[in-house]
Chemist: 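I'd like to ask some things about the structure below.
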Amino acid sequence: MDKELARGAEAVIIQKKDSVEKRRLAKSYRIKEIDDELRIRRTRSEAKMLGKMQGVAPRVISVSEDAIQMELIDGNVIKHILDDKIMIAEKIGYETGRMHDLNIVHGDLTTSNMLLDKKNNVRFIDFGLSFVSDKVEDKAVDLHLFREAVESKHFRHESEIWNAFQKGYAPKNRDQILKRLELVEMRGRNKQKY
Ligand SMILES: Nc1ncnc2c1ncn2[C@@H]1O[C@H](COP(=O)(O)OP(=O)(O)O)[C@@H](O)[C@H]1O
Ligand SMILES: [Mg+2]
């Protein structure tokens with residue numbers, strides 16, 4: 001029996017027995033040719049990134065033009081549990097570091113896009129905005145997005161979560177990336193001022 005798990009701006013997530021289908025929906029306000037191309041491109045790109053992130057991301061079962069069948073991760077969305085289990089943030093940091101060592105920038109690193117599976121492993125999903133980069137700047141921006149997400153959704157435990165994350169985050173160039181993050185955040189603050 002199929003069950004709709006989520007419906008976002010772009011995609012619908014349907015749970016089938018042991019798998020999940022992420023299908024990108026047609027947008028009537030976009031010109032059909034452009035819309036088709038965009039959906040195909042994003043689906044293909046997301047599937048490729050899921051493949052590169054084997055073990056951390058759900059296993060890809062099959063890919064069509066506008067849909068990815070993937071492993072169902074049985075567990076909890078981290079957004080719903082992080083405030084009660086702050087030490088998960090250390091694992092999130094560790095996995096983020098491993099991802100950055102593979103030169104993958106997630107692009108939407110929020111706690112809605114992370115699951116804790118039944119073995120207490122942190123699993124990342126939603127690689128629709130991900131890209132390959134070895135740039136310190138891009139990795140710092142990834143961290144900035146995570147921090148902003150924590151600031152808005154987990155503000156009660158913001159600094160504990162960030163400290164735990166940093167403890168686990170250990171990619172090469174770690175210090176450079178964290179240093180660059182300070183610059184990225186300064187830029188963000190200045191933008192708000194003017
Ligand atoms: N492989 C999966 N296993 C279990 N739940 C999933 C899986 N993929 C997505 N979900 C659920 O669907 C929601 C939306 O998926 P996501 O890929 O983040 O789509 P969107 O691009 O719409 O944000 C997630 O927050 C999660 O609850
Ligand atoms: Mg998402």
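Since the model is a prediction, treat every value here as computed from it, not as a measurement.
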Chemist: Closer than 3.5 angstrom, by distance alone: can the side chain of Asp35 be matched with the main-chain N or O of Ser28 as a donor-acceptor pair?
Modeler: no
Chemist: With side chains defined as the heavy atoms from C-beta onward, is the minimum distance between Asp126 and Glu46 less than 4.5 Å?
Modeler: yes
Chemist: Between Phe124 and Thr96, is any pair of side-chain heavy atoms under 4.5 Å apart?
Modeler: yes
Chemist: Looking only at atom types and distance, does a side-chain atom of Arg39 sit under 3.5 Å from a main-chain N or O of Glu10, one as donor and one as acceptor?
Modeler: no
Chemist: Does Asp117 use its side chain to pair, donor to acceptor, with the backbone of Asn121 at less than 3.5 Å?
Modeler: yes
Chemist: If hydrophobic clusters are built by linking Ile, Leu, Val, Met, Phe, Trp and Tyr wherever their side-chain heavy atoms come under 4.5 Å apart, do Leu116 and Met114 end up in the same one?
Modeler: yes
Chemist: Check for me whether the distance between the ring centres of Phe146 and Phe165 falls short of 6.0 Å.
Modeler: yes
Chemist: Are Ile14 and Val60 grouped together when hydrophobic residues (ILVMFWY) are joined by side-chain heavy atoms under 4.5 angstrom apart?
Modeler: no
Chemist: Are the side chain of Lys153 and the backbone of Glu148 linked by a donor-acceptor contact shorter than 3.5 Å?
Modeler: no
Chemist: Which heavy atom in Arg156 sits nearest to a heavy atom in Glu160, and how many Å separate them?
Modeler: O-OE1, 4.2 Å
Chemist: Should we count CZ of Arg30 as having more than 12 external heavy atoms under 6.0 Å?
Modeler: yes
Chemist: Less than 3.5 Å apart, any donor N or O on the side chain of Asn103 or Asp134 sitting next to an acceptor on the other?
Modeler: no
Chemist: Can you check whether Ile125's main-chain N or O pairs, donor with acceptor, with His106's side chain at less than 3.5 Å?
Modeler: yes
Chemist: Are any side-chain N or O atoms of Ser45 and backbone N or O atoms of Arg41, one a donor and one an acceptor, separated by less than 3.5 Å?
Modeler: no
Chemist: Search all heavy atoms of Ile177 against all heavy atoms of Val136 and return the closest pair with its distance.
Modeler: CA-CG1, 3.8 Å
Chemist: Under a 4.0 Å threshold between the charged nitrogen and the carboxylate oxygen, would Arg23 count as salt-bridged to Glu21?
Modeler: yes
Chemist: Under a plain distance cut-off of 3.5 Å, with no hydrogens placed, do Trp162 and Gln166 share a side-chain donor-acceptor pair?
Modeler: yes
Chemist: Indicate the atoms forming the closest heavy-atom contact of Leu181 with Ala140, along with that distance.
Modeler: CD1-O, 3.5 Å
